[in-house]
Amino acid sequence: MKLAVIGHPIKHSKSPIIHNHWLAQNNIKGSYEAIDINPDNFENEIMGMMNDGFDGFNITIPFKTNIIDLCDDVDDAAQKIGAVNTVHIKNKKLYGYNTDAYGFIENIKSSKPAFDFKNKTAMVLGAGGAANAILYGLIQSGVKKIYLTNRTQSKAAVLQSMAHDIIDVIAWDAYEEKFNETDILINTTALGMVGHPDLTPTLDGLKQGALVTDIVYNPLYTSLLQNAKEKQYQYVTGIGMLAYQAQKAFEIWTGTLPVIDNALMEQL
Ligand code: ATR
């Protein structure tokens, strides 16, 4: 099995650790490498990988959207999200998938099995690529309402088109006003990540028993999550989303759903 992750830059990717762990654990002969692709030569590089006998690859920044046009077919998630993060190559054809929404939802489900998305109200902070996948995952999981807010409101308005009846765009400087309706609060912005300012809503007024989660995992315990913990809300860290999106990708390529065990998580 010849696998890879492509991006630009790519050297900080943790995906090789995850997939090489699973290849070994499942006795599958093969390799998963990180490949830096020159954006000016994107199409040729992809064709080159096909000719080199790759079975599949993950795609990260900045190629998740560009790859769609090169795919022979894409799944519903990738189509609705407008981004592909996993490609399976079969008979010289490229099949595109998006496993980010699965990764987000499964991370919450595995950490908080009692949390049921059905009929819940979610609040999504941020409107970049990750928010797009998370909105899709939330809608598929049956939430009844999503408050979406972003510093640049026009970007939130674009994402709203995924489901006008469910997504309500609210102002970035007033999102805390909707905390009293919020069952799950999700940070998809870069705020809280090393090198970025912190996200510091007081969380006062958030519904009792609400769940707070962050897609930032460096640091693992962001100021938002620390705050949630102190205020005794449920919270889920972001690293699991990475592991679960990888789990689905590995299954697409190999037919085996790999386990996410402590031996793996300790390496991430
Ligand atoms: P992606 O790669 O996921 O598309 P991005 O474009 O880098 O991500 O943006 C990530 C998110 O973090 C965006 O919602 C961005 O808000 P803007 O759309 O207004 O840029 C948000 N973000 C980054 N820095 C921020 C800051 N200092 N304050 C508020 N939001 C910020």
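Indexing begins at 1, ligand by ligand and atom by atom, following the structure's order. Basis for what follows: all heavy atoms, side chains included, without hydrogens, waters or symmetry-related copies.
- There is a protein heavy atom closer than 4.0 angstrom to atom 27 (N) of ligand 1.
- If you check the side chains of N58 and S15, you find no donor sitting under 3.5 Å from an acceptor.
- Distance from atom 6 (O) of ligand 1 to its nearest protein heavy atom, with residue and atom name: K155 NZ, 3.9 Å.
- Atoms of ligand 1 found under 4.0 Å from any heavy atom of A190, numbered from 1 in the order shown, are 12 (O).
- Under 4.0 angstrom from ligand 1, the non-hydrogen atoms of R151 come from both its backbone and its side chain.
- Checking N98 against Q245 by side-chain atom types alone, no donor-acceptor pair falls below 3.5 Å.
- Using a 3.5 Å distance cut-off with no hydrogens or angles, the side chains of Y244 and S110 do pair a donor with an acceptor.
- For atom 19 (O) of ligand 1, the nearest non-hydrogen atom of the protein is T152 OG1, 2.5 Å.
- In summary, the side chains of Y102 and Q247 do present a donor paired with an acceptor at a separation below 3.5 Å, with no hydrogens or angles considered.
- Each of the following atoms of ligand 1 lies closer than 4.0 Å to a heavy atom of A130: 3 (O).
- For the residue pair N26 / T256, no side-chain donor-acceptor distance below 3.5 Å is found, with atom types taken as modelled.
- For atom 4 (O) of ligand 1, the nearest non-hydrogen atom from the set S154, G129, A131, A133 comes from G129.
- Every N/O-N/O distance between W172 and ligand 1 stays at or above 3.5 Å.
- Taking the six-membered ring for Trp, F115 and F117 have ring centres closer than 6.0 Å.
- Checked against a 3.5 angstrom limit, the closest N/O atoms of A127 and ligand 1 fall inside it.
- Nearest to atom 8 (O) of ligand 1 among the protein's heavy atoms is G128 CA, 4.2 Å.
- Between T189, N150, N187, it is N150 that holds the heavy atom closest to atom 14 (O) of ligand 1.
- Separation of the F42 and F63 ring centroids falls under the 6.0 Å cut-off.
- Remark: minimum distance from atom 2 (O) of ligand 1 to any protein heavy atom is reached at I61 CD1, 4.0 Å.
- Close N/O approach between G126 and ligand 1 is not found [any backbone or side-chain N/O within under 3.5 Å].
- Between W253 and F250, the distance separating the two ring centers is not shorter than 6.0 angstrom.
- For the pair L135 and L148, the minimum side-chain heavy-atom distance is below 4.5 Å.
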